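What you see is a predicted model, and the numbers here were worked out from it, not measured in a lab.
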Amino acid sequence: MKKMAALLLAALMAFSAVSCNQSADTGTDDSWEKIQEKGEIVLGMDDAFPPMGYTDTTTGEIIGFDVDVAKEVFSRLGVELKLQPIEWNSKEMELDGGNVDMLWNGYSYTEDRAEKQTLSDAYMKNNQVILVKADSSYQSFADLAGKSLGVQSDSSAEDALESDEAKEFRESLGEIVPIDDYSKAILEIENGLIEAIAIDEVVARFYLTNDPGAYRIIEKEDGTVESLAVEDYVIGFRKGDQALCDKVNETLKEMKADGTLGAISEKWFGEDVTTIEA
């Protein structure tokens, strides 16, 4: 009897494994249904990335452009949005482990991320630039030879700096200093611990606006920014969560068409800088 029971159990386990594999092979995607059933979606973010998403030091509230857009998207979809600050250098682990449902906070498109995740349509463009103190003598990348450059760990700025295109500039630097987030980088440049920061242009301009005369972006002779890389901002979902991604894409396009997305952009940037098409 015990032998028969063992054989039956083994057969049931084998059938279960085959069923699971067949379900995976069919490409069944219930990612949106799961969010609907839960009634909540968790947004993983770096809460020190202004103006996309950051903690207001006065109120303690997490605010920003991406935060406002996400709130509107999931309000329309009838799902509660939970903002979850995470360690940005372990963001993919947080996503794949199920601790968050998406990464949305100035998240840049890369080919590597496209292979490992399901990514939304691009909704905004950004440059990776170099920020220095306004009264410094550094006018070009060449002027930073032998100097120290701060960069956020596991960020798009770090990726840009490690690219083949930036090899000459990277190798000219005296030291590359890994930093947890941009608010700490700003403190380090203020205190003279580093000479410059590799940073997203949208974040750099936030600091330029909020502390006039303190910093500047290194520019070309024609007045345009000297860019390490031009990139697109997207939203990252777990690989295969296409149904959830499609819902967000559709809602962003609706918001673009009815002017809501443009209005949120004007609030934070003074104009509509979004690139998603209605």
Side-chain angles (χ1 to χ4, degrees), residues 43-54 64-67 69-70 85-96 100 102-132 141 144 149-170 173 176-186 188-189 194 196-208 215 217-218 224-239 245 268-269 273-276:
L43 185 158
M45 63 180 298
D46 171 3
D47 64 348
F49 195 79
M52 310 307 282
Y54 64 103
F65 171 76
D66 279 343
V67 173
V69 175
I86 58 176
E87 290 294 330
W88 200 241
N89 58 7
S90 60
K91 53 191 174 294
E92 284 81 11
M93 189 184 303
E94 296 279 358
L95 181 64
D96 293 339
V100 300
M102 57 184 176
L103 301 172
W104 188 353
N105 190 204
Y107 193 58
S108 304
Y109 174 92
T110 67
E111 291 184 2
D112 182 61
R113 288 172 179 173
E115 289 179 4
K116 297 177 180 178
Q117 300 167 20
T118 294
L119 301 179
S120 73
D121 292 345
Y123 63 90
M124 187 174 166
K125 284 198 175 295
N126 176 60
N127 285 290
Q128 291 297 335
V129 299
I130 302 298
L131 187 74
V132 296
F141 284 8
L144 289 169
L149 176 76
V151 62
Q152 184 180 23
S153 301
D154 199 31
S155 65
S156 297
E158 185 177 59
D159 290 341
L161 198 60
E162 292 176 352
S163 68
D164 291 339
E165 291 79 6
K167 181 180 179 180
E168 183 179 350
F169 172 60
R170 179 178 69 246
L173 296 167
I176 297 175
V177 182
I179 298 171
D180 292 337
D181 59 59
Y182 288 127
S183 60
K184 292 180 181 177
I186 289 295
E188 295 210 6
I189 199 173
I194 56 176
I197 307 170
I199 187 171
D200 293 61
E201 183 180 4
V202 293
V203 183
R205 294 204 178 281
F206 173 85
Y207 287 114
L208 263 61
Y215 316 102
I217 296 170
I218 288 183
T224 60
V225 298
E226 186 76 70
S227 178
L228 287 169
V230 182
E231 59 194 14
D232 292 307
Y233 281 159
V234 294
I235 307 157
F237 301 89
R238 275 182 289 276
K239 191 70 174 178
C245 180
W268 287 99
F269 303 110
V273 299
T274 59
T275 58
I276 196 165

Check [X] against [Y] and note the closest heavy-atom contact, atom names and distance.
X      : Y      : value
Val132 : Ile189 : CA-CD1, 3.9 Å
Ala204 : Val129 : CB-CG2, 4.2 Å
Leu161 : Ala166 : O-CB, 3.6 Å
Ile194 : Ala185 : CD1-O, 3.8 Å
Gln117 : Glu92  : NE2-CG, 3.3 Å

Salt bridge between Asp96 and Arg238, side-chain N to carboxylate O under 4.0 Å? no

Check against side-chain contact (heavy atoms from CB on, under 4.5 Å), Val202 and Met124: CA-CA 10 Å; Val202 293; Met124 187 174 166; 3.4 Å; yes

Sub-4.5 Å side-chain heavy-atom contact between [X] and [Y]:
X      : Y      : result
Leu119 : Phe237 : no
Ser155 : Tyr182 : yes
Ile176 : Arg170 : yes
Leu131 : Val203 : no
Glu188 : Ile197 : no
Trp104 : Met45  : no
Val67  : Asn105 : no
Ser108 : Arg113 : yes

Rounded distance [0.5 Å steps], [atom1] in [X] versus [atom2] in [Y]:
X      : Y      : atom1 : atom2 : answer
Glu94  : Glu87  : CD    : CD    : 8.5 Å
Ile276 : Ser120 : CD1   : OG    : 7.0 Å
Ile130 : Ser227 : CD1   : OG    : 9.5 Å
Met102 : Tyr107 : CE    : OH    : 13.0 Å
Ile235 : Leu103 : CD1   : CG    : 10.5 Å
Leu144 : Leu149 : CG    : CG    : 7.0 Å

Reference residue Trp88; test side chain to side chain contact (heavy atoms under 4.5 Å, CB included); the match among Asp181, Asp180, Asp46: Asp46

Suppose the criterion is salt bridge (charged side-chain N to carboxylate O under 4.0 Å, His left out): which pairs have a residue in residues 122-132, not counting sequence neighbours? Lys125-Asp232

For Gln128, what residues pass the side-chain hydrogen bond (donor to acceptor under 3.5 Å, both in side chains) criterion, not counting sequence neighbours? Asp200, Glu231

Can you confirm if the aromatic rings of Tyr54 and Phe206 lie within a centre distance of less than 6.0 Å? yes

Just checking Tyr233 against Tyr109, ring centres under 6.0 Å apart? no

side-chain contact (heavy atoms from CB on, under 4.5 Å) for Glu168 and Phe141? Distances and angles first, verdict last. CA-CA 10 Å; Glu168 183 179 350; Phe141 284 8; over 6 Å; no

Test salt bridge (charged side-chain N to carboxylate O under 4.0 Å, His left out) applied to Asp121 - qualifying residues, sequence neighbours left out: Lys253

Would you say NZ of Lys167 has more than 12 non-hydrogen atoms from neighbouring residues, nucleotides or ligands within 6.0 angstrom? no

Is a donor on one side and an acceptor on the other found under 3.5 Å between the side chain of Lys116 and the backbone of Glu111? no

Show the numbers, then the answer: is there a side-chain contact (heavy atoms from CB on, under 4.5 Å) between Thr274 and Phe65? CA-CA 11 Å; Thr274 59; Phe65 171 76; 3.8 Å; yes

Charged tip of Arg205 within 45° of Phe269 ring normal and under 6.0 Å: no

Look at the aromatic rings of Tyr207 and Tyr215 and report parallel, tilted or perpendicular, splitting at 30° and 60°. perpendicular

